[in-house]
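For reference, the structure is listed below as structure tokens.
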Amino acid sequence: MSQFRRKQKQSKLLAFSIICLFALCILGAMLFVDKSSNHSNQDSKKGSLKSKLETIFNSSEAKAKTGEKIHQNQNNDIVFPSDKDTAKKVGNDLYEVTNPDSILVHVDKTRKLPDGYTPNDLVYPNVPLNGGVKDKTKMRKEAALALEDLFSSASKDGIQLTAVSAFRSFDRQVQLHNSYIKSLGSDWTNKFSAIPGTSEHQTGLAIDVSSVAYGNQLEQGFGDTKEGKWLAENAHRFGYIIRYPKDKVNITGYDYEPWHIRYVGEKNATYLYTHNLALEEVMEK
């Protein structure tokens with residue numbers, strides 16, 4: 001009887017050992033499958049990440065080749081052309097832009113338009129003149145259409161604006177610049193008037209705006225009127241910026257001109273407005 005119990009106990013122990021071994025095999029198999037799955041997912045994620053990085057790199061590389069600079073905001077990438085790749089040197093500290101037809105063309109005291117440049121799509125915007133002169137309101141078509149929307153929105157808000165002076169030819173700028181020097185002196189002229197060939201008005205993308213309530217005058221006091229404040233706060237919604245802000249004089253090279261607005265496109269204007277940047281600050285040197 002004792003021998004029978006001993007054999008029975010050994011049999012139970014052997015069965016228990018087999019069961020434990022079987023359980024360990026199942027557990028090992030489960031761990032192997034889980035590890036393989038995780039490894040596969042990691043490879044997939046790595047592949048996806050690699051693909052995204054390659055896309056970003058290729059996009060940035062392509063933009064770099066065309067002289068574009070990326071400025072990111074929360075919603076999308078805003079791209080501005082590079083100063084160094086959009087002009088050629090033509091004299092001491094003077095460059096000639098090579099993209100005069102771009103809505104982001106950058107002209108200033110050291111960057112001029114090509115000799116004899118005149119936009120080929122100038123039109124009269126359909127806006128109330130309010131005492132302004134129609135012949136002085138020509139603009140490039142895209143800018144003109146945007147101006148119409150701007151004036152319409154202003155009118156709905158009880159703001160009556162006046163289109164005072166838009167496109168100016170090189171010859172007209174010569175006349176104005178010389179008359180300013182004669183009547184107001186060189187110091188004043190250098191602060192407010194562009195040397196012929198470097199004027200934004202010649203691009204067909206800029207316009208001086210005032211109001212009937214302010215006597216259609218182009219003076220810094222316009223910025224303190226309700227019309228001037230509305231323009232400063234809303235111009236970007238229609239693709240325009242206050243080109244020469246009060247706090248950017250040392251950057252733009254021109255004194256504060258609350259009346260001078262420049263068309264750059266809605267997304268670009270909104271980016272500059274929300275980040276409080278002048279055009280010079282986003283053009284890579």
Side-chain angles (χ1 to χ4, degrees), residues 103 119 122-169 172-173 175-177 179-180 183-184 188-189 191-194 199-249 252 254-266 268-270 272-274 276-279:
I103 63 169
L122 293 173
V123 297
Y124 291 108
N126 184 18
V127 296
L129 292 177
N130 295 331
V133 180
K134 184 176 181 179
D135 285 344
K136 294 182 179 181
T137 64
K138 276 186 180 180
M139 301 191 75
R140 289 188 57 187
K141 187 174 182 179
E142 184 177 340
L145 292 175
L147 189 75
E148 292 175 4
D149 292 337
L150 186 153
F151 270 53
S152 176
S153 181
S155 181
K156 291 176 182 177
D157 289 343
I159 301 296
Q160 300 301 316
L161 299 174
T162 300
V164 178
S165 180
F167 171 75
R168 293 182 202 146
S169 68
R172 176 57 179 158
Q173 188 67 22
Q175 294 174 355
L176 284 175
H177 194 75
S179 69
Y180 290 150
S183 60
L184 298 170
W188 184 95
T189 301
K191 292 179 181 179
F192 292 99
S193 178
S199 173
E200 282 210 325
H201 286 278
Q202 193 178 341
T203 68
L205 297 170
I207 184 169
D208 294 336
V209 175
S210 189
S211 68
V212 175
Y214 196 64
N216 293 338
Q217 298 299 304
L218 303 177
E219 297 178 359
Q220 291 180 339
F222 173 68
D224 297 323
T225 67
K226 68 176 183 178
E227 292 84 3
K229 291 177 180 178
W230 186 96
L231 188 64
E233 294 169 2
N234 293 277
H236 67 280
R237 298 195 293 117
F238 307 93
Y240 283 90
I241 58 171
I242 302 297
R243 181 64 179 90
Y244 306 118
K246 183 183 294 186
D247 60 343
K248 304 290 183 180
V249 174
T252 65
Y254 288 99
D255 215 326
Y256 172 46
E257 295 188 5
W259 61 83
H260 182 111
I261 59 175
R262 159 69 191 274
Y263 183 76
V264 294
E266 184 180 345
N268 298 318
T270 299
L272 294 171
Y273 173 79
T274 56
N276 188 34
L277 295 168
L279 203 56

Specify the closest pair of heavy atoms between [X] and [Y], including all atoms of both residues, with the distance to one decimal.
| X | Y | answer |
| --- | --- | --- |
| Tyr263 | Ala146 | CE1-CB, 3.5 Å |
| Ala235 | Leu150 | CA-CD1, 4.0 Å |
| Val264 | Ile103 | O-CD1, 3.3 Å |

Ignoring hydrogens and angles, write down the donor-acceptor pairs under 3.5 Å from the side chains of residues 201-213, residues two or more places apart or on other chains.
unit_1, atom_1, unit_2, atom_2, d
His201, ND1, Ala166, O, 2.7
His201, NE2, Arg168, NH2, 3.4
His201, NE2, Asp208, OD1, 3.4
His201, NE2, Asp208, OD2, 3.4
Gln202, NE2, Tyr117, O, 3.0
Thr203, OG1, Glu200, O, 2.5
Thr203, OG1, Leu205, N, 3.1
Asp208, OD1, His260, ND1, 3.3
Asp208, OD2, Arg168, NH2, 3.1
Ser210, OG, Gln217, N, 3.2
Ser210, OG, Gln217, O, 2.7
Ser211, OG, Tyr214, N, 3.2

Looking at residues at least two apart in the chain, or sitting in another chain, which of them share a ring-ring contact (aromatic ring centres under 6.0 Å, His included) with [X]?
| X | answer |
| --- | --- |
| Tyr254 | Tyr244 |
| Tyr273 | His236 |
| Phe192 | Trp188 |

Does a side-chain heavy-atom distance below 4.5 Å link [X] with [Y]?
| X | Y | result |
| --- | --- | --- |
| Asn268 | Ile241 | no |
| Val164 | Leu218 | yes |
| Lys191 | Val249 | no |
| Leu279 | Leu272 | yes |
| Trp230 | Ser153 | yes |
| Leu161 | Val127 | no |

Report task. Tell me, please, which residues at least two apart from Lys138 pass side chain to side chain contact (heavy atoms under 4.5 Å, CB included). Result -> Leu122, Tyr124, Phe167
Query raised in the report: Would you say the side-chain atoms of Lys248 pair up with the backbone N or O of Asn276, donor to acceptor, closer than 3.5 Å?
Result: yes
**Report entry** Asn216 side-chain N/O to Asn130 backbone N/O, donor-acceptor pair under 3.5 Å
**Finding:** yes
Rounded at 0.5 Å granularity, tell me how far [atom1] in [X] sits from [atom2] in [Y].
| X | Y | atom1 | atom2 | value |
| --- | --- | --- | --- | --- |
| Tyr256 | Phe222 | OH | CZ | 9.0 Å |
| Glu266 | Tyr240 | CD | OH | 12.5 Å |
| Ile242 | Ile261 | CD1 | CD1 | 6.5 Å |
| Ser152 | Leu147 | OG | CG | 11.0 Å |

Query - Where at least one partner belongs to residues 140-155, residue pairs that pass salt bridge (Lys or Arg N to Asp or Glu O under 4.0 Å), sequence neighbours excluded - result: Asp121-Arg140
